[in-house]
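Remarks on the structure that follows.
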Amino acid sequence: MKGGSAMARTIRIQAEPFDVAGETAALTRGRADIGAVVSFMGFCRDEGGRLTALELEHYPGMAEAEIARIAERAESRWPLLGLTVIHRFGRLSLGEEIVLVLAASAHRTAAFEAASFLMDYLKTQAPFWKREHLKDGTVGAWVEAKEADDRAVERWG
Amino acid sequence: MKGGSAMARTIRIQAEPFDVAGETAALTRGRADIGAVVSFMGFCRDEGGRLTALELEHYPGMAEAEIARIAERAESRWPLLGLTVIHRFGRLSLGEEIVLVLAASAHRTAAFEAASFLMDYLKTQAPFWKREHLKDGTVGAWVEAKEADDRAVERWG
Amino acid sequence: MKLVYFAWVRERVGKTDEDLEVPEGIATVADLVRWLKGRGEEYEYAFENDGIVRAAIDHVHVKPEAPIAGAREIAFFPPMTGG
Amino acid sequence: MKLVYFAWVRERVGKTDEDLEVPEGIATVADLVRWLKGRGEEYEYAFENDGIVRAAIDHVHVKPEAPIAGAREIAFFPPMTGG
């Protein structure tokens with residue numbers, strides 16, 4: 001058992017699916033100081049049956065850099081012991097996972113708040129754009145940004 | 001793809017480890033209405049090197065019933081599409097997982113809040129008791145309930 | 001009436017459960033605790049700090065003033081520390 | 001100076017990126033947008049609603065009043081919709 005309280009940070013932008021159990025194990029393996037891991041997984045919804053897929057475009061280079069900046073803010077705000085952010089790009093079918101956030105801490109409150117903070121900032125600050133693929137086989141509109149997401153970010157001050 | 005918005009609820013009290021990826025897949029499989037899954041995993045900490053294990057005692061029958069009541073309250077408060085609670089008992093070594101909560105919803109806010117609510121109530125209402133096993137091989141004290149956990153519950157009104 | 005005990009309440013009482021004939025006039029959980037404390041040192045010890053030990057009737061949390069009539073199983077235990 | 005475009009800004013401009021000689025006197029991101037809009041209908045269309053399109057200089061979000069001197073890569077894109 002390693003006793004250190006080192007902060008482990010993983011950020012990946014990838015087309016491939018991820019494995020939440022493997023990522024959680026990688027974050028907690030050999031550590032006895034982590035008491036809580038909160039994860040968020042985002043999935044591709046059909047929006048009431050309209051969609052067959054989402055297509056995710058991103059800005060390579062900036063996406064990693066911006067997520068790193070968001071992670072730094074979370075790390076300076078909460079006593080985190082580990083942080084993992086994986087965001088997929090490309091065409092994602094219904095029910096497929098889009099994003100994974102893991103926040104590890106000694107106690108649950110920091111882990112819950114940090115994961116929620118990361119998601120609010122990811123939604124509004126990380127350079128990703130979603131476009132809809134419709135059930136009739138055509139390519140639909142770019143998803144519009146939601147005011148509710150901007151308001152969600154404001155609560156962090 | 002099943003279009004239904006049925007609420008899937010799983011509650012298990014077990015000695016065995018659980019698999020967060022398998023439980024997440026079971027919750028989301030064949031569904032295109034779930035956009036967000038928030039999970040909480042609790043782990044056995046060494047408390048600054050004092051402990052080698054935790055022993056968890058529970059009240060069989062009431063543990064399941066009480067968690068079901070907590071789940072019902074969460075389901076009536078947020079638009080949830082799935083809920084999983086798995087709580088382990090017996091002797092758990094350092095770094096082992098103790099509890100898993102999964103909350104699934106169309107959107108992230110409901111999933112975050114419901115998972116946090118469930119953990120607050122699990123900590124203070126579900127009939128489980130932790131006892132420390134110390135590094136020197138002796139059995140230590142029963143863990144005392146924390147005032148902070150009672151306060152955490154109060155914020156849900 | 002079946003009584004069950006958990007964690008340090010179980011250790012202090014010295015048993016996991018017991019079947020007891022509760023006399024007439026013992027109407028509430030608080031009455032039951034008072035009566036148990038008169039039965040021996042082990043109960044005195046288990047319930048020494050008023051208001052610490054929690055109770056459940058038939059798997060539902062109850063307050064000291066809860067009536068025990070009709071109860072099949074009454075449990076006593078410390079504040080919960082799961083999760 | 002390298003300009004890059006994403007999502008519907010990319011589609012409206014009709015290219016993913018381009019290298020441009022930006023004339024003297026174009027000091028800020030807002031100046032650059034104004035100058036681009038004078039270069040053709042595709043830019044006019046991409047930037048038609050003032051204040052919608054976001055900008056980044058060298059991978060960092062910036063406001064319209066940000067100076068562009070020394071920038072290697074300036075990106076234009078719609079509000080983000082990831083996560």
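Chain A is the first sequence line, chain B the second, and so forth, proteins listed ahead of strands; every chain is numbered from 1.
By the 6.0 Å contact criterion, CD on A:Glu147 is open, its count of non-hydrogen atoms from other residues, nucleotides or ligands being 12 or less. In the displayed structure, D:Arg72 atom CZ is contacted under 6.0 Å by at most 12 heavy atoms of other residues, nucleotides or ligands. For A:Lys135, the NZ atom counts as loosely surrounded, since its 6.0 Å shell holds 12 or fewer non-hydrogen atoms of other residues, nucleotides or ligands. Counting heavy atoms of neighbouring residues, nucleotides and ligands inside a 6.0 Å radius, atom CZ of A:Phe18 exceeds 12 of them.
Expressed to the nearest 0.5 Å, how far CE of A:Met62 lies from CZ of D:Phe6 amounts to 9.0 Å. Of the inter-residue distances, the one linking A:Arg69 atom CZ with D:His61 atom NE2 reads 7.0 Å to the nearest 0.5 angstrom. To the nearest 0.5 Å, the span separating OH on A:Tyr59 from CE on D:Met80 amounts to 12.0 Å. Rounding to the nearest 0.5 angstrom, the gap separating the CH2 atom in D:Trp8 from the CD atom in A:Glu144 is 9.0 Å.
Listed options D:Ala75, D:Pro78, D:Ala56, D:Pro79 were ranked by heavy-atom pairs under 4.5 angstrom with chain A; first place goes to D:Pro78. Top candidate by heavy-atom pairs under 4.5 Å with chain D, chosen from A:Ala63, A:Gly61, A:Ala65, A:Gly42, is A:Gly61. Of the listed residues A:Glu55, A:Arg88, A:Met119, A:Gln125, the one with more heavy-atom pairs under 4.5 angstrom with chain D than any other is A:Gln125. Ranked by heavy-atom pairs shorter than 4.5 Å toward chain A, the options D:Val60, D:Val4, D:Asp58 are led by D:Val60. The candidate from A:Trp129, A:Tyr121, A:Phe89, A:Phe40 with the greatest count of non-hydrogen atom pairs under 4.5 Å with chain D is A:Trp129.
In this structure, D:His59 contributes its side chain and A:Glu66 its backbone to no donor-acceptor pair below 3.5 Å.
By the 4.5 Å heavy-atom criterion applied to side chains, A:Trp142 and D:Glu11 are counted as neighbours.
Scanning both residues, A:Val143 and D:Thr81, for their nearest heavy atoms gives O-CG2, 3.3 Å.
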